[in-house]
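Note on naming: letters A, B, ... go to the chains in the order of the sequence lines (proteins, then strands), and numbering restarts at 1 for each one. Computation of the quantities below employed the complete heavy-atom set of this structure, encompassing side-chain atoms and omitting hydrogens, waters and symmetry-equivalent molecules.
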There are 2 protein chains.
Amino acid sequence: MTDPSTPRPGQADPGVLAEGVSAVLRHLVLLLRRTTAGQPVTTQQYAVLGSLEQGPRRMTELAEEHAVQLPTMTVQINRLEDAGLVARGADPADARVRTVELTGEGRDRLLAVRRARIARLGQDLAALTEKERATLAAALPVLAKLGRT
Amino acid sequence: MTDPSTPRPGQADPGVLAEGVSAVLRHLVLLLRRTTAGQPVTTQQYAVLGSLEQGPRRMTELAEEHAVQLPTMTVQINRLEDAGLVARGADPADARVRTVELTGEGRDRLLAVRRARIARLGQDLAALTEKERATLAAALPVLAKLGRT
DNA sequence: CAGCTAAGTTAGTTGGGCTAAGTATGACCG
DNA sequence: CGGTCATACTTAGCCCAACTAACTTAGCTG
């Protein structure tokens, strides 16, 4: 695999760039795994809690947003419910749908974990130069656009 | 969670930038998951095969590189060995260590999967503008530097 | 050579994903 | 108005991937 720290000329070509992005993605995934091991909620649980921050959601919505099948989300929510972090509710207009919302404890946990993650990431970012941070900031919208076909 | 597609001013500040990076990482992880589902090797297996491309490695090396405990790597290698993609060997200098290397089939599989992945990523990248690709290319070395504390 | 350390493996648990199949409710149509 | 189809979930059963604890085997050292 290509060393992600040694960019080569001609990277604006999609094919060549893809190799670099692929290598960097691998690096980032390994990094993420290292930094999120042993936290009070798993990455998945944290992500689901994040989806509930703005208010109750339906199971199907959550499954779609997390690119997961419904049964998978059912199990996730079961675990979060057992942990007291979310509560299931009902939709008065349609008895088939189950809603899910954060409990007070769930919201506290979400915010605490987010603070910890951002602080950790902030340390890494603080080690960069101002120029490097600007370069990174410029690339964020591009990365966010990837896969939004 | 912050919408990764709406960057705000002041992102060169490590704290603010961290939020954006965090959101984008979430997006990329979801994207990766979607694009790698149902391939002939799992993401983990692919990553391990990639580590073997340059030649035989020891179990401990592999475990460290993938930020995983030894027993986890043992099981991974067992599966890859059962699939005929890698072979275990011995270190003549130290009878405790087991080496692992690609089989011919393993190398073929690695290259095929890599081609498929890079092609897929290349499609996404081709949808960007030339300028966006340049922005992304410039950020790759910075991303590669993250976490290399 | 006794005892400690290092390298791997085995066993058992948990989390997270999948498909297939079941239940209950809503919607539609003759 | 009742039968049939579709929708929203849940349950059950499977695999992969991570962990810790405990075991085996081999090297190292006093």
Side-chain angles (χ1 to χ4, degrees), chain A residues 26 29-51 56-83 85-101 113, chain B residues 26 29-51 56-83 85-101 113:
Chain A
R26 184 191 183 205
V29 166
L30 288 179
L31 177 62
L32 252 193
R33 187 173 309 153
R34 266 181 251 120
T35 60
T36 62
Q39 287 199 311
V41 298
T42 67
T43 303
Q44 287 315 307
Q45 291 176 333
Y46 170 68
V48 172
L49 291 180
S51 292
R57 311 286 301 276
R58 318 167 39 141
M59 295 296 298
T60 39
E61 285 179 331
L62 291 174
E64 250 177 58
E65 179 169 339
H66 293 271
V68 141
Q69 300 300 312
L70 248 189
T72 300
M73 191 50 68
T74 293
V75 175
Q76 291 265 31
I77 297 299
N78 284 346
R79 272 193 285 262
L80 289 170
E81 198 176 23
D82 290 347
L85 303 181
V86 306
R88 274 188 170 90
D91 180 342
D94 186 339
R96 292 172 303 179
V97 337
R98 314 291 328 256
T99 60
V100 185
E101 59 187 329
V113 173
Chain B
R26 184 193 182 201
V29 166
L30 287 180
L31 176 63
L32 257 191
R33 186 173 311 152
R34 266 182 251 119
T35 60
T36 62
Q39 286 200 311
V41 298
T42 67
T43 302
Q44 286 317 305
Q45 290 176 334
Y46 171 68
V48 172
L49 291 180
S51 294
R57 311 287 300 278
R58 320 168 38 143
M59 295 297 297
T60 39
E61 284 179 332
L62 291 174
E64 251 178 57
E65 179 168 337
H66 293 270
V68 141
Q69 300 301 311
L70 249 189
T72 300
M73 191 51 68
T74 293
V75 174
Q76 291 265 32
I77 296 300
N78 284 346
R79 271 194 285 262
L80 289 171
E81 197 176 22
D82 290 347
L85 303 181
V86 307
R88 275 187 170 90
D91 180 343
D94 186 339
R96 291 173 303 176
V97 336
R98 314 291 328 255
T99 60
V100 184
E101 58 187 330
V113 173

Could you state the [atom1]-[atom2] distance from [X] to [N], rounded to the nearest angstrom?
X	N	atom1	atom2	answer
A:Gln44	D:dA18	CD	C1'	13 Å
A:Asp82	C:dT14	CG	P	13 Å
B:Met73	C:dG8	CE	C1'	13 Å
B:Ile77	C:dG8	CD1	P	11 Å
A:Arg79	D:dT10	CZ	P	14 Å
B:Leu70	C:dA6	CG	P	13 Å
B:Glu81	C:dG8	CD	P	14 Å
A:Asp91	D:dA8	CG	C1'	11 Å

With rounding to the nearest 0.5 Å, note down the distance linking [atom1] in [X] to [atom2] in [Y].
X	Y	atom1	atom2	value
A:Arg98	A:Met59	CZ	CE	9.0 Å
B:Glu81	B:Gln76	CD	CD	13.0 Å
A:Arg57	A:Thr99	CZ	OG1	11.5 Å
A:Ser51	A:His66	OG	NE2	2.5 Å
B:Glu61	B:Met73	CD	CE	11.0 Å

Given [N], is OP1 or OP2 found less than 4.0 Å from the side-chain N or O atoms of [X]?
X	N	result
B:Gln76	D:dA17	yes
B:Arg88	C:dG8	no
B:Gln69	D:dA21	no
B:Arg98	C:dA7	no
A:Thr74	D:dT10	yes
A:Thr42	C:dG15	no
B:Thr60	C:dG8	yes

Check your understanding: Counting side-chain heavy atoms from C-beta on, which of D:dC9, D:dA21, C:dG8 comes nearest to B:Met59?
Key -> C:dG8
Practice item. Give the nucleotide from the list D:dA12, C:dA7, D:dA17 with an atom nearest to the side chain of B:Gln45. Key: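 The nucleotide sitting nearest to the side chain is D:dA17.
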**Study point:** Contact nearer the 5' end of DNA chain C, comparing A:Ala93 with A:Thr72
**Key:** A:Thr72
Check your understanding: Closer to the 5' end of DNA chain C via nearest nucleotide, is it B:Asn78 or B:Asp94?
Key ->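 By nearest-heavy-atom nucleotide position, the 5'-most residue is B:Asp94.
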Review point. Just checking B:Arg58: base, sugar-phosphate only, or nothing, at a heavy-atom cut-off of under 4.0 Å?
Key: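 Answer is sugar-phosphate: B:Arg58 comes under 4.0 Å of backbone atoms only.
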Check your understanding: So, does the side chain of A:Arg96 form a donor-acceptor pair with the base of D:dT7 at under 3.5 Å?
Key -> yes
Check your understanding: Are any non-hydrogen side-chain atoms of A:Leu62 and A:Ile77 less than 4.5 angstrom apart?
Key ->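 Yes, side chains in contact.
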